Number of protein chains: 2
Amino acid sequence: MSLRHALIGVLADEPRTGYGLLKHFEQSLAYAWPASHSQIYPELARLLAKGLIRQTGAGPRGARVYEATPDGLDEVCRWLRTEPDRRVRSDAALRIFFLWLLDPGEAAVFLAAERDRFRTLLAELERIEAEEEPRTPKQRAYRVALVGGLLTLRARIEWAEWALREVEAWR
Amino acid sequence: MSLRHALIGVLADEPRTGYGLLKHFEQSLAYAWPASHSQIYPELARLLAKGLIRQTGAGPRGARVYEATPDGLDEVCRWLRTEPDRRVRSDAALRIFFLWLLDPGEAAVFLAAERDRFRTLLAELERIEAEEEPRTPKQRAYRVALVGGLLTLRARIEWAEWALREVEAWR
DNA sequence: CAATGACATGTCAAGATTGACATATAGACG
DNA sequence: CGTCTATATGTCAATCTTGACATGTCATTG
């Protein structure tokens, strides 16, 4: 599973609480792998039991601070060397195959919503891009991921605009 | 869930067997929503019980041919008008965030493999694109999805090439 | 000082997904 | 006639994911 490795991987950079991991996922990793607190907390308990992470301290409100152990780091690196699962799941992309079941006007509404969502997301990623120059190895890797998002979104926007013109012709 | 709607949606075009649906998913829908036979067959039984599809005949080797009922078609259209789930899951994309845990040489190997996979897939999609001119509404919708894949893959290839130059500088 | 919102952790049932196990037939080829 | 492959359907346990339920704390603001 990817979640467990992602959790250790984030903790390999710096110690964090479960809640801190949750927020970090929401901000960046969720673009590739969404995770909710109801998944993260039990998974942390499992990783702790397996010795892949350890608790290094505690914060206010019962917060528990974890960090990756050497075993955990080994495990992440091993994972990174295995073949990635290239399957991708996207409900929004799936729906495109069925746009012909709607009338062209409704299909256009859908595509326009997609385009707008892409634009919003792109603006968000561009804001993050402008925020700070990457300095550490970790920041440079995150920047590589970010640029991947930027290029993909620009392509998706271009596609949505083309697709809108296309369904226009369906009327 | 998306799978049940996708199954009805495919059956709205023409009657198919469970196996036919499986192969159809593998060829096209799997790019957006992978599904295995162990998911498809039980789901078809549920859709049948709910009256969203019906069996119209039988083929060799116990094959069962299904088609969408009017209720099923309604259900798909209702689904298409709801907000899509914009969450996307990609193990390969997630790994980018952790490339800094590998040495630059290994990161480059990963990115080169990604680039190659994208190129192979692009060639495959370009072959499908050249295959036949879309004529029916359904074919036109599939073409819209296909062009989405083409534009996205070209952007991903551009990104992978840039990322490779980037990690080159990490050495 | 009371209310609110962000912080912080947890559980659980329902549903979705995977990968393995299981079985059988039709057609093609040697 | 035997073998192999593609066709064809099914089940099941393990795992993953979701969304709801549940609880409590800290800091800010009115």
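Since we're looking at a predicted model, the values are computed, not measured.
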### Message
By nearest heavy atom, map S38(B) and K23(B) onto DNA chain D; which one lands nearer the 5' end?
### Response
K23(B)
### Task
Between S36(A) and P60(A), name the one whose nearest nucleotide on DNA chain D is closer to the 5' end.
S36(A)
### Query
Do other residues, nucleotides or ligands put more than 12 heavy atoms under 6.0 Å from R135(B) CZ?
no
For [X] and [N], give me the distance from atom [atom1] to atom [atom2], rounded to whole Å.
X      : N       : atom1 : atom2 : result
I40(A) : dT18(D) : CD1   : P     : 11 Å
W33(A) : dT17(C) : CH2   : P     : 12 Å
Q55(A) : dG10(C) : CD    : C1'   : 14 Å
L7(B)  : dT17(C) : CG    : P     : 11 Å
L3(A)  : dT15(D) : CG    : C1'   : 12 Å
L44(A) : dC16(D) : CG    : P     : 14 Å
L21(A) : dG10(C) : CG    : P     : 12 Å
Y19(B) : dT7(D)  : OH    : P     : 4 Å

### Query
How long is the gap from CD1 on I157(B) to CG on D116(B), to the nearest 0.5 Å?
9.5 Å
### Message
Between E124(B) and R127(B), does any side-chain N to carboxylate O distance fall below 4.0 Å?
### Response
yes
### Query
Taking 4.0 angstrom as the limit, do E26(B) and K23(B) come out as a salt bridge?
yes
Looking at [X], I'd like to know whether one of its side-chain N or O atoms comes within less than 4.0 Å of OP1 or OP2 on [N].
X      : N       : value
R61(B) : dT23(C) : no
Y41(B) : dT9(D)  : yes
R89(A) : dT18(C) : yes
R16(B) : dA8(D)  : no

### Task
Counting heavy atoms from C-beta on, name the nucleotide in dG19(C), dT17(D), dA16(C) closest to the side chain of Q39(A).
dT17(D)
### Message
What's R46(B) touching, base or sugar-phosphate or nothing? Going by heavy atoms closer than 4.0 Å.
### Response
nothing
### Message
Using a heavy-atom cut-off of 4.0 Å across all strands, would you classify R4(B) as base, sugar-phosphate, or nothing?
### Response
sugar-phosphate
### Query
Does S2(B) use its side chain to pair, donor to acceptor, with the backbone of D91(A) at less than 3.5 Å?
no
